[in-house]
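Below: the structure, in structure tokens.
Given the structure is predicted, the values throughout are model-derived calculations rather than measurements.
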Amino acid sequence: MLLPWSDLFLNCPANLAMLFRPELRVVLSVDSIEVFLIKRSILQGFKPETVAHEQLDLLNPVESMEASPTLFAALESILEKYQGKPVVPVVILANLFSRYLVIPWSDAINTKPEMQAYMTHLFGQSYGDASADWHMTAHHAGYRQPALASAIHQTLLSGLESAFAKANMPLQAVYPQLMLTANKALAHMHQHRLPAHGWIVCLEPTRFTIARMEAGIWRAVHSMPMESSAAIQIEKWIVRESVIAPDRANMPVFVDSNVEVASNIKLPQYRVIDLHPPQAVSPRYPQTSLVSRAL
């Protein structure tokens, strides 16, 4: 199971449509597909309310970025009951399906095609020839600031679009799981008047993803297979980074996980903050948007 709880209302390109139609949030994990029907009411301040939920476990867990025909067949099956209904379809992807990179600022980049070529080049440097088949996007960064970028396999994106098209529901957006975790962390920082600064950790059953933000600027992101103990894996990573760069010592650690992990992390000099259950979403804090496709 993924960590589907974060409000996409301010991020989704179809957010105005969510004023009038419920969001159909499809969460793709490595071993299941979950569907949430989420409504927002002006009387409740557009706070998301889940009115329906179902889960379909996959017989064969997904093991690569490309997914498989069985995943798409299962998705088409679960979407049949929603066919033609007035909803806003959005997909959340497990971090296994995504690759991340911090894109440095370049004064030479002036247009979207140049930015796309720049991202393609940097992903190629980091991930090799396999990235040639990826769809890449980056959140909007401030002037002279690096941007956080994500990539998913083009066959996965095409398969998702096809499955939703068959259900007569054009797919509105695809988001990586890390984006939701980042938004939970940003919400907590805003609500507790903390600086946008710290380690942001997203834990899934098979994946460990960690990003570093300093003064509101993305500095690094890493994703790797989960080890036997998530708490120990986090401890080792943070301690190693503090040795490499002592100025990173004492940065708060924001942990997003469906299981209890934060209380088991033994980092006495660090403040470890549990993001699950999620913090309420405020319309005033800056959110990160990594939209793999907005139609």
Heavy-atom donor-acceptor pair, [X] side chain to [Y] backbone, under 3.5 Å:
X    : Y    : value
S242 : V239 : yes
H139 : L148 : yes
Y127 : Y100 : yes
E23  : F36  : no
T120 : Q116 : yes
Q172 : V88  : no
R99  : L96  : yes
H192 : L194 : no
S131 : W134 : no

Within a strict 4.5 Å, meaning less than it, do heavy atoms of the [X] and [Y] side chains meet?
X    : Y    : value
V253 : I210 : no
S223 : R207 : yes
S106 : Y118 : yes

For [X] and [Y], which heavy atoms make the closest approach, and how far apart are they?
X    : Y    : value
A108 : E114 : O-OE1, 3.5 Å
P22  : K39  : CB-CG, 3.8 Å
A262 : E260 : N-OE2, 3.7 Å
P146 : R219 : CG-NH1, 4.1 Å

Kindly compute the distance separating [atom1] ([X]) from [atom2] ([Y]), expressed to the nearest 0.5 Å.
X    : Y    : atom1 : atom2 : result
M226 : S257 : CE    : OG    : 7.0 Å
M224 : T209 : CE    : OG1   : 7.5 Å
D31  : E204 : CG    : CD    : 10.5 Å
H197 : M213 : NE2   : CE    : 11.0 Å
E227 : I232 : CD    : CD1   : 9.0 Å
L178 : N183 : CG    : CG    : 9.5 Å

For this output row, return yes or no: ring centroids of Y270 and W199 closer than 6.0 angstrom.
-> no
Reference residue V35; test side chain to side chain contact (heavy atoms under 4.5 Å, CB included); the match among E54, R25, K81 = E54
